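Just below is one structure, and these are the notes that go with it.
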Amino acid sequence: MFVTFEGGEGVGKSTQIRLLAGALEAQGHAVRITREPGGSAGAEAVRHVILSGGAESHGVRMEALLFAAARSDHVETLIRPALDGGSMVLCDRFMDSSRVYQGITGNLPEPLIDGLERLAINGLRPDITIILDMPAAEGLERARARAFKAAELANAVPDRFEKEELETHEKRREAFLDIAARDPVRCRVVDASRSVEAIARDVLAAVEARISERQDAGVEA
Ligand code: TYD
């Protein structure tokens, strides 16, 4: 079973993935955790190009193609083989992030995003996508606190640029919720502004429900 986690920055995806992996392993499932951009050797090489800012000057279209190239490598060399080998795969971001970051806030046309998605995933759609949702300001603050801590810049002050950033985050939040509304069978929206434990309970319940549905339909978890 292929589980993806989506949401804005600072919503706590990596913590929840770790907790879900622990709970599923305790139930006897083999679990593989991975992330995008990256996850496989080819995709990690592309991750470096994208996140270092190296592709930024070449435009959003170029970035979208690179994300798709990385995703294709990730799907074919890691995700599909792990699933075929009987593992559950938990992935931090996947195709919905391209739809939101490159498509909505990057202003790329939907047909281009659709085409890149088809190429990159090559038929491998997530069985369930957990969308961690919280007010944009809260997520932004958490992401910033984490970044400042890492950079030891605790006394940075908000400015005009950061206000623009908030509007972008709000747009992304709405775009993730829109994806969930359009694909309600695959997507589960989880309120991420609660305690870590409460969120983890809901995430596990959603995944367990999907496992039972699949077992009822005669598919191995
Ligand atoms: P990362 O440092 O992994 O951040 P996060 O903890 O938020 O996941 O950086 C991933 C960044 O790449 C994040 O800002 C979202 C962005 N991204 C896209 O723009 N498109 C994509 O398809 C993916 C997978 C990520």
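Because the structure is a prediction, the values reported are computed rather than measured. Read the numbers this way: they start at 1 and go in the same order the structure lists the ligands and their atoms.
- Salt bridge present: Arg99 and Glu110 bring a charged side-chain N and a carboxylate O closer than 4.0 Å.
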Could you walk me through whether Val189 and Leu177 pass side chain to side chain contact (heavy atoms under 4.5 Å, CB included), step by step? CA-CA 8 Å; Val189 177; Leu177 293 176; 3.8 Å; yes
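- Proximity annotation for atom 1 (P) of ligand 1: of Arg47, His74, Glu36, Arg47 comes nearest, heavy atoms only.
- Around the CD atom of Glu141, the shell of radius 6.0 Å holds no more than 12 heavy atoms that belong to other residues, nucleotides or ligands.
- In summary, Asp127 and Arg214 engage in a salt bridge, as defined by a charged side-chain N under 4.0 Å from a carboxylate O.
- The distance from ligand 1 to the heavy atoms of Ser98 drops below 4.0 Å at these ligand atoms: 21 (C), 22 (O).
- With a 4.0 Å heavy-atom cut-off, ligand 1 is reached by the side chain of Arg71 but not by its N, CA, C or O.
- Under 4.0 angstrom from ligand 1, the non-hydrogen atoms of Leu51 all belong to its side chain.
- Looking at Arg144 and Glu165, a side-chain N of the basic residue comes within less than 4.0 Å of a carboxylate O on the acidic one, giving a salt bridge.
- Heavy-atom contacts of Glu9 reach the following atoms of ligand 1: 7 (O), 14 (O) (cutoff under 4.0 Å).
- Closest heavy-atom contact between Arg142 and Ala192: NH2-O, 3.2 Å.
- Here's the thing with Gln102: one of its N/O atoms is less than 3.5 angstrom from an N/O atom of ligand 1.
- Protein heavy atom in closest approach to atom 10 (C) of ligand 1: Pro37 CD, 3.8 Å.
- Distance check, rounded to the nearest 0.5 Å: NE2 of His74 to CZ of Phe67 gives 13.5 Å.
- With a heavy-atom cut-off of 4.0 Å, Met95 does not touch ligand 1 at all.
- With respect to atom 6 (O) of ligand 1, the closest heavy atom belonging to the protein is Arg146 NH2, 3.9 Å.
- The protein heavy atom nearest to atom 25 (C) of ligand 1 is Phe67 CE2, 3.5 Å.
- Using a 4.0 Å cut-off between a side-chain N of Lys or Arg and a carboxylate O of Asp or Glu, Glu76 and Arg80 qualify as a salt bridge.
- Protein heavy atoms are absent from the space less than 4.0 angstrom from atom 4 (O) of ligand 1.
- Across Arg93, Arg99, Glu117, heavy-atom proximity to atom 15 (C) of ligand 1 is greatest for Arg93.
- Ligand 1 is never approached by Glu63 to a heavy-atom distance shorter than 4.0 Å.
- Using a cut-off of 4.0 Å between Lys/Arg side-chain N and Asp/Glu carboxylate O, Arg118 and Asp114 are scored as not salt-bridged.
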